2 protein chains.
Amino acid sequence: MDCNQKANLRYLFEPQSVAIIGASAQQGKSGFNIVRNLKEWGFKGKIFPVNPNNNEILGLKTYPRVDAITEEVETAIIATPAPTVPQVMKECVRKGVKGAIIISSGFSEEGQQQLETEVVNIAKEGAIRLIGPNTTGIINTSLNFTSAFGPLQVVPQGKIAFIAQTGQFAGVMTDHIISSLHVGLSKVVGLGNKSDVDEADVLDYLRDDVETKVIAMYLEGVKDGRRFLTSAKKATKVKPVLLFKGGTTEAGSKAAISHTASLAGREEIFDAACRQAGIIRTQTFDELAELALAFSLLPLPKGNNVGILSSTGAVCVMLADLACKAGLQIAPLSPRTAMTLRKITPEWHNLSNPVDFWAAVEKVGLSKGYTIAIEALRSDGNIDSVIVHCGVLKGRGAQLFQVRGEEKPTVFSISGTKESRDLLAKQLISEGFPAYSSFHTAVRAISTITWYANYSQPQNSL
Amino acid sequence: MDCNQKANLRYLFEPQSVAIIGASAQQGKSGFNIVRNLKEWGFKGKIFPVNPNNNEILGLKTYPRVDAITEEVETAIIATPAPTVPQVMKECVRKGVKGAIIISSGFSEEGQQQLETEVVNIAKEGAIRLIGPNTTGIINTSLNFTSAFGPLQVVPQGKIAFIAQTGQFAGVMTDHIISSLHVGLSKVVGLGNKSDVDEADVLDYLRDDVETKVIAMYLEGVKDGRRFLTSAKKATKVKPVLLFKGGTTEAGSKAAISHTASLAGREEIFDAACRQAGIIRTQTFDELAELALAFSLLPLPKGNNVGILSSTGAVCVMLADLACKAGLQIAPLSPRTAMTLRKITPEWHNLSNPVDFWAAVEKVGLSKGYTIAIEALRSDGNIDSVIVHCGVLKGRGAQLFQVRGEEKPTVFSISGTKESRDLLAKQLISEGFPAYSSFHTAVRAISTITWYANYSQPQNSL
């Protein structure tokens, strides 16, 4: 990758001006949704709809061809039928467009390899970088930019970037993640057919993106293994890279089943290579987003000693089991913490880490008890990270305690009715603390950021 | 276990008359909450509050001692301070009470082993079966019965029974499960200190309980390993038994960590024994409830051929990966299904299992497409179970399709905004179809019921 290529990716993610070729005045059409999304999101650049049959779409002056636009056009979103795309691309070259996002499908994914090659060659000759075809393309929340072709609610700004193999990621799955985790995103890219820009290019770009703190990927395969791993290795030195990998498209078919052995073999090699490159692989798609949330909010721990707090003994046991299995150390409480907790705990109650907390809650109340105990654990020199479990009763979702103490990675695990959990999780996340419904996920979040702290800052000698 | 013991458990789960010893008129107290819950739930038996300082609690005539009640009392819920419990138990024996649920804490869990033994001996001599001490006790939704001492919303009736080691299960965790999964329960028992009734006794009771279709357990240890496995083996022949096991209470302490090796060794033996007894162990607490939902709603599959349907190619790949790894077969579609799907799918689109469905949705619309395809898969003789993935857009939670076709285990995996997912999941579950947010859980549900079908009906030769 030369400097020029890198510079070109900027036009795809951060366009100052965009032409929508195949824009439509007809509600429900992709070409309508793209214009509508850009307007509703409040895109910060200029919008030029292109359609020979309309003078105006959604109040915007509309042009018959891209090269009929008099102002500069940095990027084109192309949503015309596949057979027309080569001609459209030629017009883009003539206009001096620098980046193209091809939404249209009907290329290599439907056996039309030659048509795709023709488009790529035109782009190369004209020095246009290309995303797609067959994709929803890009979201950049800092510019309120999206090329999504379905009606998409505004995605809040955050520090997580998603790279997805599937073209349909910027849509239902984006909605899924932001509503589940109460979190915003920095960038999203659906790679589609990867005829030009691929996962390695995007990793290089996102590595240097100041708005992105963690990169999460859903991939089904990589275009160039060596280049991917080189880019990943560079990226993981700077920020965490998470990967959930689906099989190849054959995986689901009978053919793939009969080839399982060979697939599994390649998978082992790929997995070892990922580990060497510092990529964090997740077991499920949900985990990809859940761990990204933790990395986007938390500082890295200075060691692997965890403090655990719950008002339920059984949850202390479950969290301790999970933490041990994940390689975390359950540190002894410092004398100062033990003294602080003793003041709010009945004499007969045994105090250790994990802190089984119900006796203190019974004595001083939920609000005061949690506030004091969380502060004590976060300020304990023996402890590098904290897991707090709370059970919330119906209608008691509002946060009843303060999270004080030293800056230290702290996650919450919440049990109770869905409504109460959501309320409390939303509030905690807005204050910078990941909150999950599952004990397992809370522990996995702490163990993973602890692993990454060790990988990226080995001098800390975890 | 003799017949008498078994008969006695009936009094604990299905009392016709209950005395609450330590009932309180003071809001917020445990003894108040127990009476309040029974009244609010509409308990179908008689309620006798016992407290020497009140004549009436929540409009109910209140007695100074249990043996001052003139009518029959089958069961006592005891919530007085620990040191008073032996005397209270003697009064229960005098009264002819048959079952006691001891809510009070301050026994062996706080080092007061002798006090606990004293209580157990009185119970034994008086032929009283005992749950606890140190527990929330029992829920039986068919009688609107609960001994929970925190304010507990009414638990809807369902076919899942929970056995929990922790005393605090009937409360926050019950709320958690029913609101997460939109599901009801049949029975819940928090075992507490297990001074008398333990997991084996309850397994025997629930095995024959016609209201219970699946038994889910959270245990930290078993009182008598041999008896537990014998009871489990009998139970799993009749209905599925799920187990999530926490460590011992030492697991979280420094001591447990230094003993990890020996614990791990015993864990392996325990795990092998569980497998032999047909117990299904889960990896997380959430999975315990998620799988119980599937067993409570679905018929068992006749074989391990699964049909998969999604409107997103990437999800087809993920589901197929997961299904293969879980040992399910992705069956070829029957010619009839292929023909049915061909009618609603464009010519160029490749049709196989998993059915990547977006082209059909684009052609005939979401509602018609899904209805036809789900019916085709459910009626396909090659297919024993069906996994359907749907992406729902904001405000489109209402079910847009019909689930028709033959009676065949069918689960749904739903992506989209939390609100839309909840709406659709609730509707599907009310129609008898488990619905999950996670791809992983949907596949795990089908693979687990398939495993159990093979275990419990080996003649089907899966």
Side-chain angles (χ1 to χ4, degrees), chain A residues 110-111 150-151 153 164-166 168-169 171-173 175-176 179-180 218 220 246-249 251-254 256-257 260 283-286 308 312-314 316-321 323-324 329-330 332 348-349 352-354 358 391-394 415-419 421-422 437-440, chain B residues 110-111 150-151 153 164-166 168-169 171-173 175-176 179-180 218 220 246-249 251-254 256-257 260 283-286 308 312-314 316-321 323-324 329-330 332 348-349 352-354 358 391-394 415-419 421-422 437-440:
Chain A
E110 288 174 16
Q153 59 176 323
Q165 178 99 30
T166 165
Q168 293 189 52
F169 193 88
V172 167
M173 290 319 295
D175 279 355
H176 191 98
S179 69
S180 290
Y218 168 70
E220 289 168 8
T248 64
T249 36
S253 72
K254 207 177 160 188
I257 296 169
T260 300
Q283 293 305 307
T284 67
F285 184 83
D286 293 309
I308 295 174
T312 309
C316 282
V317 173
M318 288 192 251
L319 289 173
D321 277 350
C324 287
Q329 295 292 327
I330 297 169
W348 51 261
H349 186 65
S352 60
N353 185 14
W358 73 264
V392 279
L393 294 169
K394 198 180 179 177
S415 304
T417 64
K418 195 179 247 193
E419 197 188 14
R421 274 183 276 146
D422 267 3
S437 284
S438 141
F439 312 130
H440 185 261
Chain B
E110 290 174 16
Q153 58 176 325
Q165 177 99 29
T166 167
Q168 294 190 50
F169 191 89
V172 167
M173 290 318 296
D175 278 355
H176 191 99
S179 68
S180 290
Y218 168 71
E220 289 167 11
T248 65
T249 35
S253 73
K254 207 176 158 187
I257 296 169
T260 301
Q283 293 304 306
T284 67
F285 184 83
D286 293 309
I308 295 173
T312 308
C316 282
V317 172
M318 288 191 251
L319 290 172
D321 277 349
C324 286
Q329 294 292 327
I330 297 170
W348 51 262
H349 185 67
S352 61
N353 185 14
W358 73 263
V392 279
L393 293 169
K394 199 179 179 177
S415 304
T417 65
K418 195 178 246 193
E419 197 188 14
R421 273 184 275 146
D422 268 3
S437 284
S438 140
F439 311 131
H440 184 261

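Convention: sequence-line order gives letters A, B, ...; per-chain numbering from 1. Keep in mind that what you see is a predicted model, and the values were worked out from it rather than measured.
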Is it the side chain or the backbone of B:Thr284 that comes within 4.5 Å of chain A heavy atoms, both, or neither? side chain

Under 4.5 Å between any side-chain heavy atoms of B:His176 and A:Arg421, yes or no? yes

Any non-hydrogen side-chain atom of B:Lys418 less than 4.5 Å from a side-chain atom of A:Asp422? yes

Heavy-atom pair with the smallest gap, counting every atom of B:Gly416 and A:Ser179: O-OG, 3.9 Å

Applying a strict 4.5 Å limit to non-hydrogen atoms, the region of A:Ser438 in contact with chain B is both

